[in-house]
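Both ligands and their constituent atoms are indexed starting at 1 by order of listing. These numbers come from the heavy atoms of this one structure, side chains and all, not from hydrogens, waters or symmetry mates. Treat the numbers as computed from the prediction; the structure is a model and nothing was measured.
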Amino acid sequence: MVSAAREGFVAELRARGIHDERVLDAMSKVPRERFLDATFARRAYEDSALPIGEGQTISQPFAVAYQTQVLDLKPGEKVLEIGTGSGYQAAVLAQMGVRVFTIERHIPLLETARKRLDSLGYHKVISRAGDGTRGWPEYAPFDAILVTAGAPDVPESLAKQLSPNGGRMVIPIGDMGRQRMYLIRKNGEELKAKELIDFAFVPLIGKEGWAA
Ligand code: SAM
C-alpha cells in the first residue's frame, strides 16, 4: 500500500518536471511517512508541507525534489543542509550517496530527526544543533549547500564555505511569506546567481538570516 503510494508520488514528481533519475530513485526509496508523527503519516504522499512541531514543517515533496535536482549532485560530494527539520531531506541526500552535513536550530527537532535517520540506517549523516546561517567552517568547503528555509539574502558565511571549484548553493530568497529560489554557482571568488521559481518556506532565523 505504502510502496504503491510512493510510486504514484514519484510519477507525479516526474510529471511536474523532475527528471534526475538519482533524485527520483532516492525519493522512491525513502519512506516519508517515517519522518512524520502518526497524525500526519497517512498524508505522507500528498504534495504538501506538513507540521513537524516547533512551528516548523517538513518541506513539500516537490520542493525537496526541485532543490535536490537543481544541485546536480554526484555521489561522494559534500553537501551542507541548513534546516534539518524532520530529517527527510537529509535522508534523500544520503540515499543518493552524498556526504551529508546538516544543521537545525531547534534541538527537539534535531533529536527526533537523528533517531529517525539512525533507525532507517542513515548512520553517516553528520548533524548539529545551531545557527546554520554561519555554516559549518570545520567541514568547509562544501560542493553544495541546500538551504531549506527562506532567507532575506545569501548568508555571507555560506557563500564563503562554498567550494571555489564549481560549488553550488540552492536557496529561497525573499520575504517571510514567499521567496524565489536561486541557484548560486561559485568559481574562484566569483558568484553567479540564477533565478528559478517561487516557493513558500518557513523563515531562516539567525545571525545572517531573519531576526528571531
Ligand atoms: N529539510 C527539512 C525537512 O526535510 O524536514 C525542512 C525543514 S523546514 C522547511 C526548515 C527548517 O529550517 C526548520 O526546521 C527550521 O527550524 C530550520 N531553520 C530555520 N532557521 C535556521 C537556522 N538559522 N539554522 C538551522 N536551522 C534553521
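Between Tyr88 and Phe35, the ring planes lie perpendicular to each other; the angle is over 60°, past the 30° to 60° tilted range. Between Phe62 and Phe199, the ring planes lie parallel to each other; the angle is under 30°, not in the 30° to 60° tilted range.
For the pairing with Thr133, the side chain to side chain contact (heavy atoms under 4.5 Å, CB included) check across Leu158, Ile103, Leu204 returns one residue only, Leu204. With respect to Glu104, the side chain to side chain contact (heavy atoms under 4.5 Å, CB included) criterion is satisfied by exactly one of Ile82, Thr148, Leu110: Leu110.
Every atom of ligand 1 is numbered from 1 in the order shown, and the set under 4.0 Å from a heavy atom of Gly130 is 24 (N), 25 (C). In the vicinity of Thr133, heavy-atom distances shorter than 4.0 Å reach the ligand 1 atoms 23 (N). Close approach to Gln89 involves these atoms of ligand 1, each under 4.0 Å from a residue heavy atom: 1 (N), 4 (O). Shown in contact with Ser86 at under 4.0 Å from a heavy atom are these atoms of ligand 1, numbered in order with element: 3 (C), 4 (O), 5 (O). Using a 4.0 Å cut-off to heavy atoms of Leu109, the atoms of ligand 1 that qualify are 14 (O). Taking every non-hydrogen atom of Val202 and a distance limit under 4.0 Å, the qualifying atoms of ligand 1 come out as 8 (S), 9 (C), 10 (C). The ligand atoms of ligand 1 that sit less than 4.0 angstrom from a heavy atom of His106 are 16 (O).
Judged as a side chain to side chain donor-acceptor pair (under 3.5 Å), and not counting sequence neighbours, the contacts of Ser48 are Glu46. Residues satisfying the side chain to side chain donor-acceptor pair (under 3.5 Å) criterion with Arg185, sequence neighbours excluded, are absent altogether.
When non-hydrogen atoms are compared, ligand 1 lies under 4.0 Å from the backbone of Ile58 as well as from its side chain. Residue contacts with ligand 1, taken as heavy atom pairs separated by less than 4.0 Å, involve Thr84 solely via the backbone atoms N, CA, C and O. Neither the backbone nor the side chain of Glu54 has any atom closer than 4.0 Å to an atom of ligand 1 (non-hydrogen atoms only).
Taking only nitrogen or oxygen atoms, main chain and side chain alike, Phe201 does not reach within less than 3.5 Å of ligand 1. Of the polar atoms of Gly132, at least one N or O is found under 3.5 Å from an N or O of ligand 1, judged by distance alone.
When only non-hydrogen protein atoms are considered, atom 21 (C) of ligand 1 lies nearest to Arg105 CD, 3.4 Å. Shortest contact from atom 19 (C) of ligand 1 to any protein heavy atom: Pro203 O, 3.5 Å. Of the protein's non-hydrogen atoms, the one nearest atom 15 (C) of ligand 1 is Gln56 OE1, 3.3 Å. Shortest contact from atom 22 (C) of ligand 1 to any protein heavy atom: Ile205 O, 3.5 Å. From the protein, the heavy atom lying nearest to atom 17 (C) of ligand 1 is Glu104 OE1, 3.4 Å. When only non-hydrogen protein atoms are considered, atom 6 (C) of ligand 1 lies nearest to Ser59 OG, 3.4 Å. Among protein heavy atoms, atom 1 (N) of ligand 1 sits closest to Glu81 OE2, 2.7 Å. In terms of protein heavy atoms, atom 7 (C) of ligand 1 is closest to Thr57 O, 3.2 Å.
Grouping the Ile, Leu, Val, Met, Phe, Trp and Tyr side chains by contacts below 4.5 angstrom, directly or via other members, places Val100 apart from Trp136. Under the 4.5 Å side-chain heavy-atom criterion for ILVMFWY residues, a single connected hydrophobic cluster contains both Val70 and Val98.
Between the side chain of Glu190 and the main chain of Lys186, no donor-acceptor pair closer than 3.5 Å is present. In this structure, Arg32 contributes its side chain and Ala44 its backbone to a donor-acceptor pair below 3.5 Å.
Nearest to atom 9 (C) of ligand 1 by heavy-atom distance, out of Leu204, Leu50, Leu36, Thr148, is Thr148.
Distance check: Leu146 CG to Arg168 CZ gives 11.0 Å after rounding to the nearest 0.5 Å.
Residues Arg116 and Asp37 are paired through a salt bridge, judged by an N-O separation under 4.0 Å between the basic side chain and the carboxylate. A salt bridge links Asp25 with Lys29: the closest approach of a Lys/Arg side-chain nitrogen to an acidic carboxylate oxygen falls below 4.0 angstrom.
Not a single heavy atom of Lys207 sits under 4.0 Å from any atom of ligand 1.
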